[in-house]
Amino acid sequence: MKKVYICSDSATGIFSGIYEAWRRKDQQDSGIALAGHVEPELFCTYEEVEENREKAAAVDRMICRHLGGTAYQEISQAVLSDDPGRGDAILGTMMEARHIPDSRRIMEHLTHPDVEKVFELSRRVGAEAHALKGFVRFRELKGGILCAVIRPKSQVLPCLAPHFEERLPKENWMIYDKSHRMFAVHESGRRWVVVWAEESCLEEFCLEELEVSEQEKRYEKLWRGFCETISISEREDKKAQAQHLPFRFRPYMTEFSQGG
């Protein structure tokens with residue numbers, strides 16, 4: 001009988017579920033489902049799995065050791081996507097790797113539906129993270145902390161944080177993911193960390209309500225003026241603009257906000 005492991009919607013939760021499924025003798029009859037996205041099936045049992053960092057780390061090491069760097073990169077990005085079936089696809093990819101001569105070449109087997117799905121999810125997450133590297137807009141708060149807000153579809157902070165850590169190593173900054181209620185926090189000279197916002201202490205994080213520095217106000221005004229000056233109304237192409245800069249990114253970009 002098939003057994004489905006229900007886990008939380010996070011990388012740690014999904015890897016914890018995969019750990020339990022991998023321990024099962026009949027792995028082919030195992031599945032992963034996210035809490036809140038369970039579709040009941042006939043002749044199927046369900047088991048809830050709690051997040052466990054040790055179990056998740058064990059799966060992480062196993063993927064890196066047995067599937068190699070390419071698969072590790074693809075799976076690490078795919079697990080950050082917003083697709084509720086990503087856990088099942090990752091487990092299926094890992095099981096398929098056991099049936100080929102060289103498990104490190106698993107990502108070349110795109111004819112397998114689970115491998116194909118992991119590849120597509122990874123590409124989707126990578127594309128969104130790449131776009132946000134150019135669309136993130138930091139604002140300097142009073143006290144010198146740089147703060148930005150994003151609303152991505154996927155949990156892209158682990159992809160974004162290393163990028164900005166490399167470019168702003170001496171700055172104190174944070175990026176708030178409004179979709180998933182999590183922060184990437186960087187203290188000057190130290191490594192970035194991800195912090196999950198507690199429901200009880202964070203109703204809604206609104207950057208517009210935070211007090212920005214006087215210098216930030218001046219630079220925002222200059223930036224908006226620059227964007228307006230270089231714009232040629234007769235040559236505006238709204239369709240092309242929407243393709244290159246989707247509307248969902250614009251609410252948190254300085255040049256599209258209404259400044260005082």
Side-chain angles (χ1 to χ4, degrees), residues 77 80-82 121-197 202-260:
Q77 288 198 163
L80 301 174
S81 79
D82 62 333
L121 292 179
S122 174
R123 188 166 64 172
R124 190 188 307 169
V125 171
E128 185 173 31
H130 178 73
L132 281 167
K133 287 175 184 177
F135 298 153
V136 167
R137 296 292 183 264
F138 287 99
R139 303 182 74 195
E140 185 183 63
L141 307 180
K142 283 194 172 181
I145 298 175
L146 303 180
C147 184
V149 178
I150 58 175
R151 189 166 235 158
K153 294 179 179 179
S154 305
Q155 299 177 24
V156 295
L157 284 184
C159 303
L160 290 178
H163 173 82
F164 289 107
E165 180 183 61
E166 181 180 341
R167 284 155 181 76
L168 304 169
K170 299 300 182 182
E171 301 289 343
N172 295 312
W173 54 259
M174 62 179 178
I175 305 173
Y176 177 49
D177 178 346
K178 212 167 185 176
S179 302
H180 306 96
R181 301 179 71 84
M182 56 196 293
F183 289 87
V185 181
H186 176 267
E187 185 179 349
S188 176
R190 304 185 69 175
R191 296 297 305 275
W192 62 272
V193 296
V194 169
V195 179
W196 292 83
L202 181 60
E203 287 295 326
E204 188 70 33
F205 183 83
C206 183
L207 179 57
E208 288 74 17
E209 295 179 0
L210 298 178
E211 198 169 359
V212 299
S213 67
E214 291 301 319
Q215 181 173 259
E216 175 67 24
K217 292 178 182 177
R218 290 195 296 271
Y219 276 114
E220 286 185 1
K221 186 176 180 180
L222 286 170
W223 179 242
R224 293 191 190 96
F226 170 76
C227 291
E228 291 173 4
T229 301
I230 64 172
S231 176
I232 303 173
S233 58
E234 291 79 10
R235 299 184 64 181
E236 283 187 357
D237 186 340
K238 298 294 185 182
K239 186 176 180 180
Q241 289 176 7
Q243 289 177 339
H244 294 290
L245 180 50
F247 290 103
R248 65 189 181 92
F249 294 119
R250 299 185 186 187
Y252 308 104
M253 297 179 68
T254 307
E255 51 268 51
F256 292 101
S257 62
Q258 298 297 321

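Please read all numbers here as calculations on a predicted model, not as lab measurements. Residues take their numbers from the sequence shown, with the count starting at 1.
- Proximity of E171 to S188: side-chain heavy atoms (C-beta onward) are nowhere separated by under 4.5 Å.
- Inter-residue side-chain proximity for L245 and F249 is flagged as met; some heavy-atom pair is nearer than 4.5 Å.
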Apply salt bridge (Lys or Arg N to Asp or Glu O under 4.0 Å) to the pair K238 and E236, showing each step before the final yes or no. CA-CA 6 Å; K238 298 294 185 182; E236 283 187 357; 3.4 Å; yes
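- Heavy atoms of other residues, nucleotides or ligands lying less than 6.0 angstrom from CZ of R250 number more than 12.
- Side-chain contact check for R151 versus R248: every heavy-atom pair is 4.5 Å or farther apart.
- When all heavy atoms of R124 and D82 are compared, the closest pair comes out as NH1-OD1, 4.0 Å.
- Atom OG in S122 sits 9.0 Å away from atom CG in L80 (nearest 0.5 Å).
- Panel note: side chain T229, backbone G225; a donor-acceptor pair is recorded below 3.5 Å.
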Apply side chain to side chain contact (heavy atoms under 4.5 Å, CB included) to the pair V136 and M253, showing each step before the final yes or no. CA-CA 7 Å; V136 167; M253 297 179 68; over 6 Å; no
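- Taking H180 as the reference, nothing meets the ring-ring contact (aromatic ring centres under 6.0 Å, His included) condition, with sequence neighbours excluded.
- Contacts of R191 classified as salt bridge (charged side-chain N to carboxylate O under 4.0 Å, His left out), with partners at least two apart in sequence or in another chain: E165.
- Take E228 and apply the salt bridge (charged side-chain N to carboxylate O under 4.0 Å, His left out) test, not counting sequence neighbours, and it matches no residue.
- Remark: E214 engages K217 in a salt bridge (charged side-chain N to carboxylate O under 4.0 Å, His left out) (not counting sequence neighbours).
- Taking the six-membered ring where tryptophan is involved, the planes of F138 and F164 are perpendicular, since the angle between them exceeds 60° and thus also 30°.
- Screening V194, N172, I145, V193 for a side-chain contact (heavy atoms from CB on, under 4.5 Å) with V185, the sole residue that qualifies is V193.
- The environment of CZ in F135 is crowded: more than 12 heavy-atom neighbours from other residues, nucleotides or ligands sit within 6.0 Å.
- With values rounded to the nearest 0.5 angstrom, K170 atom NZ is found 12.0 Å from L168 atom CG.
- Between Y252 and K178, the closest side-chain pair of non-hydrogen atoms falls below 4.5 Å.
- Every residue two or more places apart in sequence or in another chain that forms a salt bridge (charged side-chain N to carboxylate O under 4.0 Å, His left out) with K142 is listed here: E211.
- Under the 4.5 Å side-chain criterion, counting only non-hydrogen atoms from C-beta, D177 is in contact with P152.
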Quiz: residues 153-163 side-chain donor-acceptor pairs under 3.5 angstrom, not counting sequence neighbours:
unit_1	atom_1	unit_2	atom_2	d
S154	OG	E128	OE1	3.4
Q155	NE2	D9	O	3.4
H163	ND1	R167	NH1	3.2

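- Distance check: M174 CE to F183 CZ gives 5.5 Å after rounding to the nearest 0.5 Å.
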If you apply the rule side chain to side chain contact (heavy atoms under 4.5 Å, CB included), what do you find for Y176 with R181, and how did you get there? CA-CA 7 Å; Y176 177 49; R181 301 179 71 84; 4.0 Å; yes
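- There is no side-chain donor-acceptor pair under 3.5 Å between T254 and E220.
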For R137 and S257: C-alpha separation, side-chain torsions, deciding distance, then whether side chain to side chain donor-acceptor pair (under 3.5 Å) applies. CA-CA 11 Å; R137 296 292 183 264; S257 62; over 6 Å; no
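- Here the CG atom belonging to L222 is positioned 11.0 Å from the SG atom belonging to C227, to the nearest 0.5 angstrom.
- Using a 4.5 Å heavy-atom cutoff, the side chains of W223 and E255 are in contact.
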